[in-house]
Structure formats: C-alpha cells, structure tokens
Amino acid sequence: MAEISLTFPDGTSRSFPAGVTPAEVAAGISGSLAKKAISATVSGTHWDMQWPITANASIAIHTMKDDAQALELIRHDCAHIMARAVQELWPGVKVTIGPVIENGFYYDFDREEPFTPEDLGAIEAKMREIINLRDPVTTEIWDRARAVRHYEDTNEPYKVELVGMIPEGQPIRMYWHGDWQDLCRGPHFQTTGQVPADAFKLMKVAGAYWRGESSRPMLQRIYGVAFRTRQDLKDHLTFLEEAEKRDHRRLGREMDLFHMQEEAPGQVFWHPNGWNIYTALQDYMRRQQNRNGYVEVNTPQVVDRRLWEASGHWEKYQEHMFVVEVDEEHAREKSINALKPMNCPCHVEIFKQGLKSYRELPLRMAEFGACNRYEPSGALHGIMRVRGFTQDDAHIFCREAHIEEETRRFIEMLSAVYRDLGFEEFKVKFSDRPEMRAGSDNVWDKAETALKNATDAAGYTYTLNPGEGAFYGPKLEFVLTDAIGRDWQCGTLQVDFVLPERLEAAYIAEDGAKHRPVMLHRAILGSFERFIGILIENFAGRLPFWLAPRQVVVASIVSDADAYVHEVTAALKAAGVRAEADTRNEKINYKVREHSVGKVPVILAIGQKEVENRTVSVRRLGQKQTEVMDLDTLVTGLRAEATPPDLR
RNA sequence: GCCGCAGUAGCUCAGUGGUAGAGCGCACCCUUGGUAAGGGUGAGGUCGGGAGUUCAAUCCUCCCCUGCGGCACCA
C-alpha cells in the first residue's frame, strides 16, 4: 500500500498508509488524544475525523479547546440536529440548508404551518433527546445520480436542487446520525453526543427566501445560538440584553429625543432634546465644511419630473420616489413632480448657472439636503432607516486630474470628523467596475487608480468589493465599528462620469472649449437621522458632553434654594451650556434618579450649604461620589467641556 | 414588498363574547427632604381603522394601517 507523509504542527513528519483518517492518526498518538479529538486541519482544510487523507499533507488535530473549530462543529451539528428534530416532530417538513453563522446557526424549512414559540421549546427538547442518544455520525460520498434519485424518492425537492448546484469534481457527501440523513459538506463531530446539550438556544423563527431570491418561495428559518459552555451561552444572552438597552428607539423615548407615529411612517418628529443633538452635529459639520473649502447651497424639495427624467432617476429610481401631482387651478395641465430623493441633480443645476471656468474647479458644493425616499415598508427601522432624512451631502465638480487629490482631502476630513465624534477606527471598502457600466475602460482605469492611490496616500488600507461599484463610477465606502462591535457604513465617495453628461454640465477649459466636469458624490455621516441613531447606540445614550441634549440639570434640594438654582442655571446658559433648572417639589433622590435615567451628564444639587457658600455639588453621570466646587470654577470648567472638539 | 408575531391609559403591560384593570407618569394636596423612586387624592381609554358573525364584539372572522423580528431592498 502506498505511503504518505503527514507533518505535525511541531514540524515532525511520520509515514502513514494512504487513506489514513485523522481518527486513526490520533489513535496512533495516544488513547487520550483519540478520545478528545474532534476534527483536524489537513493542509489548511477543516477535516472530518473520518475523512481519508490520500496525499502528503500537514495535519493538526483539534480538541474542544480549539475555539474556532469546536464552535464550527457545535453550530453546524446543532443545525443538523435541529433539522432532524423538526423532521421527527413533523414528518413531511422539507429541509433545505442550515449553515453556521455568527454566534450560532439557522436552518430553513418548508412547512405549511408556521412554527410557534412553543414549537421552538418542543424542538429544543427533541434536540436534547437526540444529543443524549449519542448516535454515531457517519459519512459517505455518493455519485450525483444516486443523490438526485434519493432526494426525488424522499420528496426533498430543495435537496435535489442543491445536489444539482454542487460543481463537477466536488464530492457529494452524505451524513447520517441515527436514521437521519443530510447532504452536507461537513465536517461534523463523531457522535451527536459531542454537542453540549446545555449551551444552545433557539432564538426566533423568521421568513427567508429560498436561496435569498425574492422571486423564490418563502421558507421558515429557525435561528439558534450555540456555544461550548452554558456560561458562554449565558454571557451571550446577557450581551443581547445589553444591546437591547442601547436600542435608540428605547433611548429616544427615555431621553425624550424624538417620536414617530403612523401618520408619518418613516419620518421623525424631533423633540427639543433630540433637536439639540441634531443642531449641535449640524453646526459642527457646517464648520468642517467651511474649513475644508466647501460652499453651502440649498435646493428645492419638489421638482418637476422633467429634471428626474433627464438625470435618469425617473427611469431607474421611480419606485423609490414620492411622486406629487400638482393640479394648479390655472395650469393647463397637471404637473407631475417628485420629492427629491437625492440632491445631485439640483446641484448640477446650480453648477450650470452661468459659464464656469476651469479656474473655479474643484468646486465643492455642500448641502444639508432633505431627501425623501419611498423605502419598502419592511426596511423601516427607527430613525436608522427612514423615508425622510437629511444628508450631509456634497458634490465636488472637478477634472479627472483632481480626483486623487480631492479623494485624499476628503479622507482626511472624514477621519478628523470620525475622531471628533468618538470613532478612532474605521474601515475602507473599495468597489470597482461592475459588469454593467457607463464610460470607457480607459476612464475607469484612471478613476480606480486615483481612488486607490488617494487611499494609500492617506495611510489607509482597503478591502476590495469586486464589481460592486455604481454603474456610473467606482466608489469608496467608510465603515465605523461601534462600542459593541457592530459595523456601520456611513461615509462614501463615488466618482460619477455619467450625471454631468446627462445634465450637460460643462466648464470652459484653457483651450476655450467646453469640457465635462467629473462629479464626486460624497458624504461623511450619511444622514443625520441614521448617524444620530448610531451615536445613541454607540454611547448607550451617554453622548459626549458637547453633544448631550441636556448637559446640566440644576436641582434644588430645598425650595429656599430656588433663586440660587435659577442664578446658577442662567450663568451656565450664558456660558453656552445647555442647562435646565429643576425646582420641582420632589426629593433630591427622585431628581437624581430621573435625570440619571435621562442620561444627563452633570447633575448639580443645590441645598442650603451651596446657597450660603455660593458653591454647587456636582454629580457626574455614572458616578456615586459628588464634588463641591465654587460656581465660577464650575462655569469655567463646563464652558470648556461644552466647546465642540474642533473649537478647543 | 414577502413570512411570522403584535397593536388595550402618555409609557410598560394584565384582562374578558355582556362596553375595562395595574404599576409608572400626569394634576392637586401633604411633605422642605442632602445625591437612583416620600405619602395621599384624582383625572385619564371609540380597547389601531373598517366590514362581517352574534341578541350582544375590545375579545371570533375578513380586509386595511402601523409597529416588531427576519428575508429581500439600500441603484
């Protein structure tokens, strides 16, 4: 029999007969390793203990101590065990796919009746039964015809389709535990009993399209989470509770920031507190834009369809536009308008006023542009995904030769803004030319190179999204990571060769002739609504002092202090601090609790002592101890804290 | 848009085929209390909208709206 050589992680090699399995290799090393082993990595591939190795390879044997591999097996086996549990409980339910996802797994089923929360409990119980059976897991490779026939015989049409999708030359692998069988690329545990029975939980059931396509049948997806230990599961559930406490919809209510109601779905009613955040952020962005050479404009909300037809939005974007029919009393015919979903066409119209010289380029035109888009109802989510929003939008009209420098300048501005707003790190994604595109390859070459060079020059690395660019040009996307590890794509810069052409924007160059400018669409926050939502969740409502909606509440302890409370409040307001007096007939405990829940960063308590000494007792949010200081010192200190970071 | 679930007082929620309840909040009164909920009294609801079944619907059925969780979407 042929021999192969396997190299171990410590660098040593040993010979084995070809076709040896990791299980046999482990047994050859020690009995205890054979018992503990769960899988192997063979030449970089996560390998089942029972798959034969037929060529020279590197090998590492894994035990439950190897995080990544253990979790993959646990979650993958959980998905299969869940599918088996479902089919045992409800024979006839059709199975589809069940992959591992972050923190867990899911499996999609085709079943007429919806699964209920009670069903999830029953499935969990059945899964524990299956785990306790400790059924050995076995695997075989089948040929395609046999697999197809098998799934036709067992009335599993989705599996038939999956078998058909497996590329030629890739093994069609079947797995069994007990009598239950599934098509699966593996690897899996050796027995169902290796799955920790107390460290998984089925979380929810939701609809999902077969193969992710909205034209295909809607399946029922059951999501679960799974870990190695009961404690890990508990920690995860605690984390979910913490995330829920940060939910901007909940904090928006608790902090009295905004509300939404069914008469205006997807649109925000900003309350005074929330609007304080909004204006503080907008004032800040306006200063940044001025400092970075932008001019600010403002353009109409309701615009005749002729402009949208010219820009191409009418054809490509109409289903997302709020169309407005204006039936003017004296007009001969109705005019059909749309609320602007984007600002770019209006900005081009401003650019087109008068003749522009090459000397005016690059022209950076910014607008806090209020846009309306008819988003699908299922997409709406608090203030994060809305139908009415305001972008920190700008368009840079320039020449091809400007793209690189403008991109570099933009990335610098964006990184300074993110840093000021509490996000030190961000990721850059670069999307290059899609299949369907406008413009010559030559122009795309130049634009893509310019974006890459500018990103390099600014000192950032990017990940490539091949073919994900817009049809009108390549784009950069900037992704923030929040305090609990979630990614948010906020900033973007897109090169556009098409719109200036469609709307016939031109400038006069050195040669005295008209030339087309290139447009760079760019945003840093994205929309104020969404970004404020992100800020709220990132800081769990405890915004940096300069952005806090109410920065200070001055609370009286006894009513004899009321006059001094109002004096302190007035002094703080005069110093530019958002301060409020609380002289209600309530105990200080009550006031402290209420304003703490409301995430007010500084609470001043004023009693008889403070009145007599002209001091204040300062309590910072989240701290138990208090500090007594004199009024002037406090005002000076808080004035500095209230100053936005760019003005310090 | 699709699948599922939900909608009862400002908020969180309980409840019933015979037109409703709690806690918090709110108003008023007592209380002037020293750093996360002092006490009392009271007001407050077309039970999301419409249609149907029924002697009778907040409750059962259907349609619609909105929200929630996913999916799809985010050019």
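Throughout, a chain's letter reflects where its sequence line sits, starting with A, and its residues are numbered from 1.
At least one side-chain nitrogen or oxygen of A:Tyr590 sits closer than 4.0 Å to the OP1 or OP2 atom of B:rG25.
Both distances falling under 3.5 Å, in either a Watson-Crick or a G-U wobble arrangement, place B:rG18 opposite B:rC55. Across all strands shown, the partner of B:rA6 is B:rU66, judged by Watson-Crick or G-U wobble contacts whose two distances both fall under 3.5 Å. Base-pair partner of B:rU32: not found among the strands shown (Watson-Crick or G-U wobble, both distances under 3.5 Å). With a 3.5 Å ceiling on both atom-pair distances, B:rG44 lacks any Watson-Crick or G-U wobble partner. The partner of B:rG1, taking Watson-Crick or G-U wobble pairs whose two distances both stay under 3.5 Å, is B:rC71. In this structure B:rC11 sits in a base pair with B:rG23, meeting the Watson-Crick or G-U test at under 3.5 Å.
The base of B:rG70 does not come close enough to the side chain of A:Tyr106 for any donor and acceptor atom to sit less than 3.5 Å apart. Scanning atom types as modelled, no donor and acceptor separated by under 3.5 angstrom connect the side chain of A:Glu375 and the base of B:rG1.
Across the C1' atoms, B:rG48 and B:rG7 are found 6 Å apart, a figure rounded to whole Å. Taking the C1' atoms as reference points, B:rG25 lies 28 Å from B:rG49, given to the whole Å. Remark: the separation of the C1' atoms in B:rG45 and B:rU19 is 11 Å, to the nearest Å. The C1' atoms of B:rC24 and B:rU66 are separated by 25 Å, rounded to the nearest whole Å. The same atom, P, is picked in B:rU12 and in B:rC68; the two are 12 Å apart, to the nearest Å.
Between A:Arg486 and A:Glu537, at least one side-chain nitrogen of the basic residue sits less than 4.0 Å from a carboxylate oxygen of the acidic one, meeting the salt-bridge criterion. Between A:Arg614 and A:Asp632, none of the side-chain N atoms (NZ, or NE/NH1/NH2) sits under 4.0 Å from a carboxylate O, so this pair counts as no salt bridge.
Among the atoms of the strands shown, only primed sugar atoms or phosphate atoms (P, OP1, OP2) are found under 4.0 Å from some heavy atom of A:Ala208. Across all strands, A:Gln220 comes closer than 4.0 Å to no nucleic acid atom at all (heavy-atom distances). Among the protein residues, A:Tyr223 comes within range of the sugar-phosphate backbone only, with heavy atoms under 4.0 Å from sugar or phosphate atoms but none that close to a base. In this structure, A:Lys316 reaches neither bases nor backbone, as no heavy-atom distance under 4.0 Å exists between it and the strands shown. Nucleic acid contact for A:Lys591: none, since no nucleic acid atom lies under 4.0 Å from a heavy atom of the residue. No contact: A:Arg530 has no heavy atom under 4.0 Å from any strand. Heavy atoms of A:His381 sit under 4.0 angstrom from primed sugar atoms or phosphate atoms, though from no base atom. Residue contacts shown for A:Arg619 include a base, since a base heavy atom lies under 4.0 Å away. Nucleic acid contact for A:Gln623: none, since no nucleic acid atom lies under 4.0 Å from a heavy atom of the residue. Using a 4.0 Å heavy-atom criterion, one finds that A:Pro376 contacts the bases of the nucleic acid, with or without backbone contacts as well.
Spacing between atom CG of A:Asp108 and atom C1' of B:rC71 amounts to 9 Å, rounded to whole angstrom units. Rounded to whole Å, atom P of B:rG38 lies 7 Å from atom NZ of A:Lys587. The CZ atom of A:Phe115 sits 22 Å away from the P atom of B:rG69 (whole-angstrom rounding). B:rG48 atom P lies 15 Å from atom CD of A:Glu263, rounded to whole Å. With rounding to whole Å, A:Gln608 atom CD is found 12 Å from B:rG34 atom P. Atom pair A:Arg385:CZ and B:rG1:P shows a separation of 14 Å (rounding to whole Å applied). One interatomic measurement links the two molecules: CZ of A:Arg250 to C1' of B:rC11, which rounds to 12 Å at whole-angstrom precision. Atom CZ of A:Arg593 and atom C1' of B:rG38 are 14 Å apart (whole Å).
Cation-pi geometry between A:Lys316 and A:Phe471 is satisfied (NZ or CZ under 6.0 Å from the ring centre, within 45° of the ring normal). Annotation: cation-pi geometry not satisfied between A:Arg216 and A:Tyr209 (NZ/CZ under 6.0 angstrom from ring centroid, within 45° of ring axis). In this structure, A:Arg530 forms no cation-pi arrangement with A:Phe389, as its terminal cationic atom is not both closer than 6.0 Å to the ring centre and no more than 45° off the ring axis.
The residue among A:Asn589 and A:Val558 whose nearest nucleotide of RNA chain B is located toward the 5' end is A:Val558. The 5' end of RNA chain B is approached more closely, in terms of each residue's nearest nucleotide, by A:Glu112 than by the other of A:Glu477 and A:Glu112.
At most 12 non-hydrogen atoms from other residues, nucleotides or ligands lie less than 6.0 angstrom from CZ of A:Arg306.
For A:Phe115 and A:Trp90, the distance between ring centers is under 6.0 angstrom. Aromatic rings from A:Phe269 and A:Phe258 are positioned such that their centres are separated by 6.0 Å or more.
Taking every side-chain heavy atom of A:Ile588 into account, B:rG34 is the closest of B:rA72, B:rU66, B:rG34.
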